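What you see is a predicted model; the values in this text were computed from it and never measured.
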Amino acid sequence: MTVAANPNAEAETLNARLAILDLAGRLSLVASLGGRVVFTTSLGIEDQVITAEIGSHRLPIDVVTLQTGRLFPETLALIDETETQYDIRISRYEPEQADIDAYAAKYGINGFYESVEARHACCGVRKLKPLARALDGATIWITGLRRGQSANRAETPFAEYDAERHLLKVNPLADWDIDAIKAYVADNSVPVNSLHARGYPSIGCEPCTRAIKPGEPERAGRWWWEQDEKRECGLHVAEEASAIAAQQ
């Protein structure tokens, strides 16, 4: 698959095709388009549904994760369990030690608590730079984004052109709600992070994630000390990703 002369139009066409398919059909279609297709998983419940489909149908999609160095032990254990259950390889992409050392020298190892700038810089080192390596040579990037995760993601399409990374970004679960996710997990015996049952619907790095309180949005526990309701790490926000990259 090559990048079209009008990649935004290509994305719109793919978006319409994906909208009428079920999850298996969406992933099979994307896998058939050619080129390197990469699914990035954080091992959250949505991502486990996609991994289950990829593994069960033996789809030619690379499954990768960003092993930031600050993940929960439960998340690390789930990587191994998932590989065993679906007989797949989840490639780990880690931050460079030199980048971690430079960050610690400037902000302190836990400096992300002190300012949004410092937190963005940490996400840049531990997530964005490894993501760039994970997506090197990819033509399609699959994510577990859903519209119901937060107000910031309410308009998530099935397919869009990521101009920052020059590839198609596909969100096959965009229209799934959490009840549908949980039903799929139960019906298909999908392994999930034990933290979900302890009040963590969205799970990232351990220092930056807490359980949510009753009535809070799914992602309220992410970067919980910040006040901006649109908190993101930059993986899925082009402007933020560009700003973080410029700091590196």
Side-chain angles (χ1 to χ4, degrees), residues 1-66 79 82-83 85-93 127-128 130-149 153-178 180-181 183-185 187-188 190 192 235-238 241:
M1 177 180 175
T2 59
V3 177
N6 188 340
N8 289 307
E10 180 184 32
E12 289 178 8
T13 299
L14 180 58
N15 184 72
R17 295 179 68 188
L18 294 172
I20 61 174
L21 300 174
D22 61 11
L23 179 59
R26 289 170 182 173
L27 290 172
S28 295
L29 171 59
V30 171
S32 73
L33 295 177
R36 181 174 180 240
V37 183
V38 177
F39 168 49
T40 53
T41 174
S42 65
L43 285 296
I45 191 169
E46 295 91 354
D47 291 340
Q48 288 298 94
V49 167
I50 295 176
T51 299
E53 285 288 312
I54 292 172
S56 298
H57 296 284
R58 315 309 301 172
L59 296 174
I61 296 172
D62 292 343
V63 181
V64 310
T65 192
L66 308 179
I79 296 174
T82 303
E83 287 184 320
Q85 177 150 332
Y86 297 108
D87 189 26
I88 61 172
R89 169 66 179 166
I90 301 176
S91 299
R92 285 81 154 166
Y93 286 81
K127 298 179 79 172
L128 284 176
L131 176 68
R133 287 188 278 114
L135 295 178
D136 185 35
T139 55
I140 299 177
W141 173 25
I142 298 174
T143 86
L145 292 181
R146 292 189 299 107
R147 295 167 189 161
Q149 289 171 325
R153 299 181 176 183
E155 303 300 323
T156 298
F158 296 111
E160 57 192 312
Y161 179 62
D162 187 326
E164 181 72 25
R165 300 178 177 92
H166 308 292
L167 46 64
L168 287 173
K169 182 177 177 181
V170 173
N171 312 301
L173 293 177
D175 60 344
W176 283 47
D177 61 27
I178 190 60
I181 295 286
Y184 179 99
V185 166
D187 292 344
N188 295 277
V190 178
V192 298
L235 295 182
H236 304 295
V237 181

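Closest non-hydrogen pair, Val38 versus Val64, comes out as CG1-CG2, 3.8 Å. Taking both residues in full, the closest heavy atoms of Arg58 and Asp87 are given as NH2-O, 3.0 Å, listed atom of the first, atom of the second, then distance. Ala11 and Ala159 get closest at one heavy-atom pair: O-CB, 3.7 Å. Looking at every heavy atom in both residues, Ile88 comes nearest to Gly55 through CG2-CA, 4.0 Å. In terms of heavy-atom proximity, Pro7 sits nearest to Leu168 at O-CD2, 4.2 Å. The two residues Pro157 and Ala174 make their nearest non-hydrogen contact at O-CB, 3.8 Å.
Residues meeting the side chain to side chain donor-acceptor pair (under 3.5 Å) test with Thr82, sequence neighbours left out: Gln48. Here Glu53 pairs with His57, Tyr184 under the side chain to side chain donor-acceptor pair (under 3.5 Å) rule; sequence neighbours left out. With sequence neighbours left out, Ser42 forms a side chain to side chain donor-acceptor pair (under 3.5 Å) with Asp47. Ala180 meets the side chain to side chain contact (heavy atoms under 4.5 Å, CB included) test with Trp176, Asp177; sequence neighbours excluded. With sequence neighbours left out, Ala132 forms a side chain to side chain contact (heavy atoms under 4.5 Å, CB included) with no residue at all.
Residue pairs meeting the side chain to side chain donor-acceptor pair (under 3.5 Å) criterion with at least one member in residues 11-25, sequence neighbours excluded, do not occur. Sorted by first and then second residue, the side chain to side chain donor-acceptor pair (under 3.5 Å) pairs involving residues 23-39 (not counting sequence neighbours) are Arg26-Asp175, Arg36-Asp62.
Interatomic distance, Trp141 CH2 to Thr143 OG1, rounded to the nearest 0.5 Å: 6.5 Å. Atom OG1 in Thr51 sits 10.5 Å away from atom CD in Glu83 (nearest 0.5 Å). Annotation: the span from Glu164 atom CD to Leu167 atom CG amounts to 10.5 Å, rounded to 0.5 Å. Atom CD1 of Ile142 is separated from atom CD1 of Ile54 by 5.5 Å, given to the nearest 0.5 angstrom. Atom OG1 of Thr139 sits about 14.0 Å away from atom NE2 of His166, to the nearest 0.5 Å. Taking CD1 from Ile79 and CG from Leu43, the interatomic distance works out to 5.0 Å, rounded to the nearest 0.5 Å.
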**OP:** Please report the C-alpha distance between Arg146 and Ile178 in whole Å, then the side-chain angles of each, then the deciding distance to 0.1 Å, and finally whether the side chain to side chain contact (heavy atoms under 4.5 Å, CB included) criterion is met.
**Re:** CA-CA 9 Å; Arg146 292 189 299 107; Ile178 190 60; 3.8 Å; yes
Subject >> From CA spacing to verdict: side chain to side chain contact (heavy atoms under 4.5 Å, CB included), Ile50, Leu173 >> reply: CA-CA 8 Å; Ile50 295 176; Leu173 293 177; 3.7 Å; yes
Subject >> Worked verdict on Asn188 versus Val49 for side chain to side chain contact (heavy atoms under 4.5 Å, CB included) >> reply: CA-CA 9 Å; Asn188 295 277; Val49 167; over 6 Å; no
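The shortest side-chain heavy-atom distance between Leu59 and Val30 does not fall under the 4.5 Å cut-off.
Using a distance-only test at 3.5 Å, with no hydrogens or angles considered, a donor-acceptor pair links the side chain of Arg92 to the main chain of Ile90.
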